[in-house]
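Only one structure is covered here, and it is reproduced in the block below.
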2 protein chains.
Amino acid sequence: MSPEEILIKQTTSEVYSIYNPHLTAVDCIIFGFIESELKLLIIKRVMDPCKGLWSLMGGFVKPEESLDEAANRILYDLTGLKDLFMNQLHTYGEVNRDPGARVISTSYYSLIKIQDIDSDHEMISNACWWPISELPDLIFDHNAMVAKALETLRDEAHRKPIGFELLPPKFTLPQLQALYEAIYQQKFDKRNFRKSILKMNLLDQLDEKDKVNSKKGAYLYRFNEEKYNELIRQGFFFNIPI
Amino acid sequence: MSPEEILIKQTTSEVYSIYNPHLTAVDCIIFGFIESELKLLIIKRVMDPCKGLWSLMGGFVKPEESLDEAANRILYDLTGLKDLFMNQLHTYGEVNRDPGARVISTSYYSLIKIQDIDSDHEMISNACWWPISELPDLIFDHNAMVAKALETLRDEAHRKPIGFELLPPKFTLPQLQALYEAIYQQKFDKRNFRKSILKMNLLDQLDEKDKVNSKKGAYLYRFNEEKYNELIRQGFFFNIPI
DNA sequence: CCAAAAGTGTTCGCCGTACACCCATGA
DNA sequence: TCATGGGTGTACGGCGAACACTTTTGG
């Protein structure tokens, strides 16, 4: 630190010190897709207040980490996964939102491939995937956080290729359609759906078929991220009409 | 507070007390529209660090107020205006974003009718409206905050009727078009623009004309919020093709 | 051979886009 | 009367929406 910076630091910690600091936390809204349903990962809270009640996975921000780092750490602690799709959503700052103390909490939402989770991972045993359509009561304002996350997911999934974050690298078109139907809670026409997806030229059809759901089998596809980035550079916009 | 709540409070302040609190702030990105230009209200910072440099209007969150309340208070202190359009945008939590201390700051953006400002208001004399196309360097990460706010404004202005927040209650269609052209930094076809706006049936044409900009005069219109709410209830979506 | 899921084309109407001329009026 | 900004209509192409039958194959 340069002498000037030290000077500033001293001057200003005095100035800033008349203000009250607040506990600062992060809560993670974790979506997964399995059995044709959109699910949310929640845990039984292990500390008071509200110990034993359902809660989002959260934690306090440490002095040496940024908000984003805190969110990633918390997600990693729960799932053992790194470098996931993760976006900051909203910061909740009502004075009494947490009965234990004044805590200002920032929510993040992430989309994960359930298949990637190491089920031996420590904390995951306290956790549970719930269908979003039948969530239990969560502590504090966590239900509101989830509602906002869902709203955002619905706002984004048809304008950005984020749905693929919820599927394995190889997937079938019926699977992809089921995902969108789960997100938007409505049925889509098979032909129109395939047309609008394939028209974008972002999926590479593989030679393999997935015969889990039918005798005929459905072709596997892979999302081509290079093509996507190239198209974006040319002013293209991802779009699935909803 | 009930006995149980006190008990919880005691138990949990112990639990929570092992975590470090952080200074928590709010910064306001304030847009206005005047002289056919989109402008941003910024101030000369009055405290160290970076005293005298250009900055967004901001302040620390007080123990007894929510984040939203803090943002509204700060906007009120600067402009003397209440109940403005104001949305939370993003929370900035990099460890060293503020050289004075670790401060986690939440940005809010608001749209105001410049005409409403009481120019005698105390703090406004330190402030200045800058065209967004030629902003100076701002302190900390404030330029990034503005960039994100602009992105959000552009994302929302053609899908929600928020543009009207920047205009006086009575406005002409050429004015409205100039606003959209300022937001999106591109020209639109007069006929198509009028068609897409009027088709929605949200504007009431008045009998008055505004002759400020032409000899012929342009009809004044008023945004009809009741009609809008009614249409929304019926599943309507505001839309101006961009 | 049959049940169950995968895959495939066409038609229609609307909306987004491009485009050029007349109108009203104060100076 | 003329310069200036305000106001108006039409034609075309593409996209979203609706819609039904054939194909494959394991059991």
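First the proteins, then the strands, lettered A, B, ... as listed; each starts at 1. The analysis underlying the following values was restricted to heavy atoms, covering all of them including side chains, and did not include hydrogens, waters or symmetry mates.
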[X] [atom1] to [N] [atom2], straight-line distance once rounded to whole Å:
X	N	atom1	atom2	answer
A:Ile242	D:dC15	CD1	C1'	15 Å
B:Tyr180	C:dG16	OH	C1'	17 Å
A:Arg194	D:dC21	CZ	P	19 Å
A:Tyr219	D:dT24	OH	P	9 Å
A:Gln177	C:dG7	CD	P	11 Å
B:Asn213	D:dG7	CG	P	11 Å
B:Met200	C:dC15	CE	P	12 Å
B:Leu220	D:dG7	CG	P	10 Å

Exam field: side chain [X] to backbone [Y], donor-acceptor pair closer than 3.5 Å:
X	Y	result
B:Ser107	B:His90	yes
B:Lys209	B:Tyr219	no
A:Arg154	A:Ile183	yes

| task | Could you check whether the rings of B:Phe164 and B:Phe223 sit parallel, tilted or perpendicular, using 30° and 60° as the cut-offs? | result |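 Aromatic pair B:Phe164/B:Phe223 classed parallel.
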| query | Between A:Phe193 and A:Phe188, what is the ring plane arrangement, given parallel below 30°, perpendicular above 60°, and tilted in between? | reply |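 Parallel.
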| said: Can you build the contact string for nucleotides 19-27 of chain C? Use B for base contact, S for sugar-phosphate-only contact, and - for no protein heavy atom under 4.0 Å. | reply: BB--BBBB-
| Applying the side chain to side chain donor-acceptor pair (under 3.5 Å) test to B:Tyr108, which of B:Asp27, B:Asn72, B:Asp68 qualifies? |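 Of B:Asp27, B:Asn72, B:Asp68, side chain to side chain donor-acceptor pair (under 3.5 Å) with B:Tyr108 is met by B:Asp68 alone.
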| message | Go nucleotide by nucleotide along DNA chain D from the 5' end; which of B:Leu173 and A:Pro241 gets its closest nucleotide reached first? | response |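 Nearest nucleotide further toward 5': that of B:Leu173.
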| Base, sugar-phosphate alone, or nothing: which one does B:Asp210 contact when heavy atoms must sit under 4.0 Å apart? |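 Nothing, no heavy atom under 4.0 Å.
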